[in-house]
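Worksheet: one structure, shown below.
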Amino acid sequence: MSRTNGYRGVSRAAAAKHYDVSDDFFRIWLGPSLAYASALWDGEDDTLEKAQLRKTDYLLGQAGVRQGSRVLDVGCGYGGEMQRMVADYDVESVMGITLSEASVAWTRNLAIPRVDVRCENWADHRPAHPYDAILCVEAMEHFARPGMSGRAKVRGYREFFTRAREWLAPEGRLVVQTITWGHRFPMDLDLLRGLYLASQVYPECNPSYLGELQAASDGLFDLVAVRNDFDHYGRTLQCWLANLESDYDRAVELVGRRRTDDFRTCMTTAVRVFEEGWFYLHRLTFRPVPRPVGPARRFLVNNVIGRDSLPTPKLLHRRPGAI
Ligand SMILES: C[S@@+](CC[C@H](N)C(=O)[O-])C[C@H]1O[C@@H](n2cnc3c(N)ncnc32)[C@H](O)[C@@H]1O
């Protein structure tokens, strides 16, 4: 049973509708890495596979993953990050959680040593030991649904940050890669149509604003590194789209023409959406604060320290030692 009081994120049914369709269909356009997240590109001659690996290494580096680390991967997908950690970072253990039965079956089948994978909502997770690092790669988009108020979103994210902080060792790191709402919202009918379709293809998803994540993590984590690589998502999506086009007939065989076309339209829209800055792609590194600070500190900062005239000037101007 969950301890959360607020929204628990996307339902199992909605997650299954998107993810539990056909592993082979995803493989056609995601490529052999099966990484369902933006890559990190470097130079004109780069390839999707290299850029995905660079992304993984960047995130693992930010999270401080090293030999002997114990890691939690929230929204582990098909397990690319977990494979890399075991093969190249010699971690002690990785716990991967996801809402997709299909990716659990896929990852279990890989039988990666020192990896445990479960179909579990983070809200239900009970760690057996503290983690040295927590990754959350493009799962946060599922932690709020369309129509939620900013306040309700922040409440839900704060629950996640609270839990993540409890689960981390004091020197641990939380690394989040997530799509966030960007700086533009042009009233363009084609794009709005594409976004509406995306809300059907990715049901119950609503990205955050960076400010919401900052508010939700305030007093629990210090946000120590921020990257915004939205142009990298545009390029990633162009590769996915080209992959889908080149094996379109097989994709149709696997999931039907309607679904294939819906994914194609969503990706075409998304290329534009990222290139034009409707959406951002944030890679965020959080370090736990030593002792969480709550509303009392904010009250002090907003109402006492920042005021023009301090409420007790006499006290502040008194000479040391004077009574
Ligand atoms: C876009 S996929 C990204 C997968 C993987 N991180 C990658 O980079 O390929 C999002 C993942 O988040 C998972 N997810 C979404 N909400 C979740 C939740 N509340 N608890 C655990 N996993 C969740 C989904 O099941 C899916 O595996």
Could you check Arg250 against Asp24 for side chain to side chain contact (heavy atoms under 4.5 Å, CB included), going step by step and ending with a plain yes or no? CA-CA 9 Å; Arg250 169 104 180 101; Asp24 289 338; 3.9 Å; yes

Go through it in stages, so that I can follow the logic: the residues are Arg264 and Glu245, the test is salt bridge (Lys or Arg N to Asp or Glu O under 4.0 Å), and I'd like the CA-CA distance, side-chain angles, deciding distance and then a yes or no. CA-CA 8 Å; Arg264 186 163 65 170; Glu245 297 293 359; 3.1 Å; yes

Before you tell me yes or no, could you show the steps for Arg163 and Glu159 under salt bridge (Lys or Arg N to Asp or Glu O under 4.0 Å), namely the whole-Å CA-CA distance, both residues' side-chain angles and the distance that decides it to 0.1 Å? CA-CA 6 Å; Arg163 222 58 85 68; Glu159 190 77 38; 3.4 Å; yes

Could you walk me through whether Lys55 and Leu59 pass the side chain to side chain contact (heavy atoms under 4.5 Å, CB included) check? CA-CA 6 Å; Lys55 177 273 309 283; Leu59 299 175; 3.4 Å; yes

Would you please test Asp73 and Met95 for side chain to side chain contact (heavy atoms under 4.5 Å, CB included) and show each step? CA-CA 6 Å; Asp73 189 350; Met95 167 64 71; over 6 Å; no

Passes salt bridge (Lys or Arg N to Asp or Glu O under 4.0 Å), Arg118 versus Asp116? Steps please. CA-CA 7 Å; Arg118 294 183 191 158; Asp116 190 2; 3.8 Å; yes

Check step by step if salt bridge (Lys or Arg N to Asp or Glu O under 4.0 Å) holds for Asp190 and Arg193. CA-CA 5 Å; Asp190 269 353; Arg193 268 199 216 102; 3.1 Å; yes

Would Phe26 and Tyr36 count as a ring pair (Phe, Tyr, Trp, His ring centres under 6.0 Å) if you check the C-alpha gap in whole Å, the side-chain angles of each, and the deciding distance to 0.1 Å? CA-CA 9 Å; Phe26 283 114; Tyr36 200 171; 5.5 Å; yes

Full working for side chain to side chain contact (heavy atoms under 4.5 Å, CB included) between Val94 and Tyr89: CA-CA 11 Å; Val94 190; Tyr89 290 73; over 6 Å; no

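For the pair Met267/Phe263, a side-chain contact is recorded, criterion being any heavy-atom separation below 4.5 Å from C-beta on. Under the 4.5 Å side-chain criterion, counting only non-hydrogen atoms from C-beta, Thr265 is not in contact with Val201. Contact check for Ser199 versus Glu204: no side-chain heavy atoms found under the 4.5 Å cut-off. For the pair Tyr7/Arg145, a side-chain contact is recorded, criterion being any heavy-atom separation below 4.5 Å from C-beta on. In this structure, Arg173 and Thr285 have side chains that are in contact, with non-hydrogen atoms separated by less than 4.5 Å. Put simply, the side chain of Phe161 does not reach to within 4.5 Å of the side chain of Glu166, judged on heavy atoms. Side-chain contact between Glu275 and Asp231: absent, with no pair of heavy atoms (C-beta onward) separated by less than 4.5 Å. Side chains of Leu281 and His232 form no contact here, defined as non-hydrogen atoms less than 4.5 Å apart.
No side-chain donor-acceptor contact under 3.5 Å links Gln52 to the backbone of Thr236. Remark: side-chain polar atoms of Arg108 are not paired, donor with acceptor, to backbone N or O of Ser103 under 3.5 angstrom. No donor-acceptor distance shorter than 3.5 angstrom exists from the side chain of Ser217 to the backbone of Leu220, with no hydrogens or angles considered. Side-chain atoms of Gln200 never come within 3.5 Å of backbone atoms of Leu197 as a donor-acceptor pair (strictly under, hydrogens ignored).
Between the side chains of Asp229 and Trp41, no donor-acceptor pair is found at a separation under 3.5 Å. Looking only at atom types and distance, the side chain of Ser100 has no donor-acceptor partner in the side chain of Trp106 under 3.5 Å away. Counting only N and O atoms by type, the side chains of Asp261 and Tyr248 include a donor and acceptor under 3.5 Å apart.
Taking the side chain to side chain donor-acceptor pair (under 3.5 Å) definition, one finds that Arg114 meets it with Asp90, sequence neighbours left out. Annotation: ring pair (Phe, Tyr, Trp, His ring centres under 6.0 Å) contacts of Tyr280 (sequence neighbours excluded): His183, Phe230, His282.
Leu110 and Val71 fall within the same hydrophobic cluster, where Ile, Leu, Val, Met, Phe, Trp and Tyr residues are linked whenever their side-chain heavy atoms come under 4.5 Å apart, directly or through other members. Hydrophobic clustering, with ILVMFWY side chains joined whenever heavy atoms are under 4.5 angstrom apart, groups Val273 together with Leu192. In terms of hydrophobic clustering, with Ile, Leu, Val, Met, Phe, Trp and Tyr side chains grouped at heavy-atom distances under 4.5 Å, Leu60 and Val224 are assigned to different clusters. Under the 4.5 Å side-chain contact rule for hydrophobic residues, Val21 and Val252 do not share a cluster.
Counting all heavy atoms, side chain and backbone alike, Pro203 lies closest to Lys17 at CG-CD, 4.3 Å. Listed here is the closest heavy atom pair of Glu49 and Pro32: OE2-CD, 3.5 Å. The shortest non-hydrogen separation linking Leu244 to Ile28 is CA-CG2, 4.3 Å. For Pro288 against Leu168, the heavy-atom pair with the smallest separation is CG-CD1, 4.0 Å. Leu48 and Leu30 get closest at one heavy-atom pair: CD2-O, 3.7 Å. The two atoms that bring Thr269 and Gly194 nearest to each other are OG1-CA, 3.5 Å, heavy atoms only.
Using bins of under 30°, 30° to 60° and over 60° for the plane-to-plane angle, the ring pair Trp29/Trp240 lands in the perpendicular bin.
A salt bridge links Asp188 to Arg272: at least one charged side-chain nitrogen sits closer than 4.0 Å to a carboxylate oxygen. The pair Arg84-Asp88 counts as a salt bridge, with a side-chain nitrogen and a carboxylate oxygen less than 4.0 angstrom apart. Salt bridge Asp46/Arg235: absent, no basic N to carboxylate O contact under 4.0 Å.
In this structure, the separation between CG on Leu210 and OG1 on Thr178 is 10.0 Å, given to the nearest 0.5 Å. One finds the CD atom of Gln83 at 9.5 Å from the OG atom of Ser33 (value rounded to the nearest 0.5 Å). In this structure, the separation between CG on Leu53 and CG on Leu40 is 10.5 Å, given to the nearest 0.5 Å. To the nearest 0.5 Å, atom CD of residue Glu120 and atom CZ of residue Arg126 are 8.0 Å apart. Distance check, rounded to the nearest 0.5 Å: CG of Leu174 to CD of Gln62 gives 12.0 Å. In this structure, the separation between CG on Leu213 and CZ on Phe160 is 10.0 Å, given to the nearest 0.5 Å.
Tyr196 belongs to no multi-residue hydrophobic cluster, having no ILVMFWY side-chain contact under 4.5 Å with any other such residue. Leu99 belongs to a hydrophobic cluster whose remaining members, ordered by chain and number, are Val10; membership requires side-chain heavy atoms of ILVMFWY residues under 4.5 Å apart, directly or through intermediates.
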Acceptor/donor pairs from residues 127-138 side chains to any protein atom, 3.5 angstrom cut, sequence neighbours excluded:
unit_1, atom_1, unit_2, atom_2, d
Tyr131, OH, His125, NE2, 2.8
Asp132, OD2, Arg70, N, 2.7
Glu138, OE1, Tyr233, OH, 2.5
Glu138, OE2, Ser38, N, 2.8
Glu138, OE2, Gln177, NE2, 2.8

Do any side-chain atoms of residues 74-81 form donor-acceptor pairs under 3.5 angstrom with protein atoms, and if so which ones, sequence neighbours left out?
unit_1, atom_1, unit_2, atom_2, d
Tyr78, OH, Asp23, OD1, 2.8
Glu81, OE2, Thr56, OG1, 3.1

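Taking the ring axis of Phe286 as reference, the NZ or CZ atom of Arg165 does not stay both within 45° of it and closer than 6.0 Å to the ring centre.
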